[in-house]
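The next block holds one structure in the form of structure tokens; read it before the comments.
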There are 2 protein chains.
Amino acid sequence: MLEKIHLSIVREVERQGSLTAAADVLCLTQSALSHSMKKLEQKMGTDIWLREGRSLRLTQAGKYLLALAERLLPQLERAEEHLKQYAEGARGTLRIGMECHPCYQWLLKVVSPYLAEWPDVDVDVKQKFQFGGIGALFVYEIDLLVTPDPLYKPGLRFEPVFDYEQVLVVSRQHILAGSSHVDPDQLSEEVLITYPVEIERLDIYNQFLMPAGISPKRHRVIETTEIMLQMVAGGRGVAALPRWLAEEYAGKLDVVPLRLGKNGIAKQIFLGIRESDADIDYLKAFVELARQQAIA
Amino acid sequence: MLEKIHLSIVREVERQGSLTAAADVLCLTQSALSHSMKKLEQKMGTDIWLREGRSLRLTQAGKYLLALAERLLPQLERAEEHLKQYAEGARGTLRIGMECHPCYQWLLKVVSPYLAEWPDVDVDVKQKFQFGGIGALFVYEIDLLVTPDPLYKPGLRFEPVFDYEQVLVVSRQHILAGSSHVDPDQLSEEVLITYPVEIERLDIYNQFLMPAGISPKRHRVIETTEIMLQMVAGGRGVAALPRWLAEEYAGKLDVVPLRLGKNGIAKQIFLGIRESDADIDYLKAFVELARQQAIA
DNA sequence: AACATTCAATGAATATTATTCATTTATTGC
DNA sequence: GCAATAAATGAATAATATTCATTGAATGTT
């Protein structure tokens, strides 16, 4: 009744702007699409498009179908790929979602031994999700979520794999460089460099600056850790990063880590999976490996 | 390539136990199913079933397809119904999920004026979800979630609609009936009656008894509010319920509400929707009506 | 051990459905 | 007003799904 082809047509017409153009992409004729959709409209008893002049505008029903298509087609397409992977003897693809910028460096350390141990599993890392990491897990967009922000909900399972301290990184020439720790007000005249994330999600804001009612002089956003640390080393600002990351770079660049507040900011990284995937061997193995890597 | 029919076959074979039986249900012949699946297996290059004697056992690829089928087919089926509803001039079905037992009584008060105001919208209430209410929202199993437990995540939007106090309900003959409030230790010799929910999710446990290290003498589980209150009135135990609910029954049954602890337990009901649904008029209207009802 | 059943697979025949081709109609831009 | 573009339509055809009739293998029965 409602078939995959209908969803494909609705999606492609939306992308291409016309039946004719969509037909080209789908390797069919305009006539074929027209007939297919006409039949569907008749069966369902409702129009999908309003014929306005020589173009089509989605009806409410059509919009509904479009949303359905955008949601289901990727899952079907992925399924086909997945089946072909099985055919090649591969186990599948482990799709990892990252909700935590600096975790990327840590992840790399886990992924390389993992790939060696599981030659028939591919790893794919995604960083952008329409509905956030949790949503991506729920809708099977990813299989594993790396996040500092776990969520104990039915259907999902989170496990801490790594503890670390979030520290301030400053240039070795910085006035604060020798201090045992920094207080919030010492940052009021600094340029703070962070990853491009909503402010509320930054620990240095909600656990350090905000409680003290302090704002930095300026806030700069930078995508990559390397450049961020280059900037810090050059005295262009300060950044908040995991201590292990800061120490790794301390050899190469003129940067030093500083404790945030007297007690420091303690953080954890969690791995989240769907409960129903809990006994997939190659997934379990990844979590296990991550935990070991964290200890080493 | 991978079509709806393949998913239907995999699901139905699993349900019926054989190709032949599945064929009957699907109004096709055994041969048709065999040919269809064979073609898929050839295209994908992987078997879906292992032929064991005269029966079929799913391969790993097959299990994957089964999971996909169980996930996608309901959405496709729902879509067909939905389109037909559009055809009949109806607006659609508002599927409400409930994660909060006593909310049911409250919901009824909102639903009846809503149905009157929106004659072309159907309302459907669900209470059981494989992946919890949040999961159900994410996978389009429901459109609206009624819960005391909101979750501010991208893709979802929660809104408080109703404040109330959670109180202890006891029989009018109970020794505590005259007290201004109850303390945790006064429940150590009581039978506590609750809805069938995991203990950790009950406020009376995690906000009242557990912090004090107290357990009730016994814990009984009852599905319906009426029976629960009948039991309480009969002196068979005590229950924790919203104050407004308790007061509603106080006229009919010999029960009295008691504050839990000196300050009482304050609760809120939230309505959650998908962000992408935020401008669907009949959904907005429901949330609006719920808020008004709460004030009245 | 023989026989009847049950089930899936298979190849060829057939029915069904999807797609194209050739046109028509309507709209838009020039 | 004319060319260009887009969708719809009906008939012809191609593609495909489905059935029919049969086989072979496994299971159950006497």
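Residue numbers start from 1 in every chain, and the chains themselves are labelled A, B, ... in the order their sequence lines are given, proteins ahead of strands.
Going from atom CE of B:Met1 over to atom C1' of C:dA18 covers 18 Å, rounded to whole Å. The distance from atom CD1 of A:Ile9 to atom P of C:dA18 is 11 Å, rounded to the nearest whole Å.
Note that the two end axes of the helix from C:dA1-D:dT30 to C:dC30-D:dG1 enclose an angle of 30°, each drawn from 5 base pairs, rounded to 10 degrees.
For residues 108-117 of chain B, the side chain to side chain donor-acceptor pair (under 3.5 Å) pairs, not counting sequence neighbours, are B:Lys109-B:Glu248. Listed by first and then second residue, the salt bridge (charged side-chain N to carboxylate O under 4.0 Å, His left out) pairs involving residues 125-142 of chain A amount to none (not counting sequence neighbours). Applying the side chain to side chain donor-acceptor pair (under 3.5 Å) test to every pair with at least one member in residues 273-284 of chain A, sequence neighbours left out, gives these pairs: A:Arg91-A:Asp281, A:Asp143-A:Arg274, A:Arg274-A:Asp277. For residues 20-35 of chain A, no residue pair satisfies the salt bridge (charged side-chain N to carboxylate O under 4.0 Å, His left out) rule, not counting sequence neighbours. For residues 47-57 of chain A, every residue pair satisfying the salt bridge (charged side-chain N to carboxylate O under 4.0 Å, His left out) rule, not counting sequence neighbours, is listed here: A:Glu41-A:Arg51, A:Glu52-A:Arg57. Within the structure, disulfide (SG to SG under 2.5 Å) pairs that include any residue of residues 64-101 of chain A comprise A:Cys100-A:Cys103 (at least two apart or interchain).
Scanning for side chain to side chain contact (heavy atoms under 4.5 Å, CB included) contacts around A:Pro196 gives A:His101, A:Val221, A:Glu223, with sequence neighbours left out. B:Ala278 pairs by the side chain to side chain contact (heavy atoms under 4.5 Å, CB included) definition with B:Arg157, B:Ile273, not counting sequence neighbours.
In terms of phosphate contacts, A:Lys39 brings a side-chain nitrogen or oxygen within less than 4.0 Å of OP1 or OP2 of C:dA18.
For DNA chain D, the outermost nucleotides in 5' to 3' order that have an atom under 4.0 Å from a heavy atom of chain A are D:dA4 to D:dA11.
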Quiz item: In B/S/- notation, 5' to 3', how is nucleotides 4-9 of chain C contacted by protein heavy atoms closer than 4.0 Å?
Solution: -BBSBB
Do any side-chain atoms of residues 4-12 of chain B form donor-acceptor pairs under 3.5 angstrom with protein atoms, and if so which ones, sequence neighbours left out?
residue	atom	partner	partner atom	Å
B:Lys4	NZ	A:Leu2	O	2.9
B:Lys4	NZ	B:Glu80	OE2	2.8
B:His6	ND1	B:Glu3	N	2.9
B:Ser8	OG	B:Lys4	O	3.2
B:Arg11	NH2	B:Glu77	OE2	2.7
B:Glu12	OE2	B:Gln16	NE2	2.8

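Each of A:Ile5 and B:His35 was matched to the nucleotide of DNA chain C holding its nearest heavy atom; the match closer to the 5' end belongs to B:His35.
Between B:Phe270 and B:Tyr152, the ring planes lie perpendicular to each other; the angle is over 60°, past the 30° to 60° tilted range.
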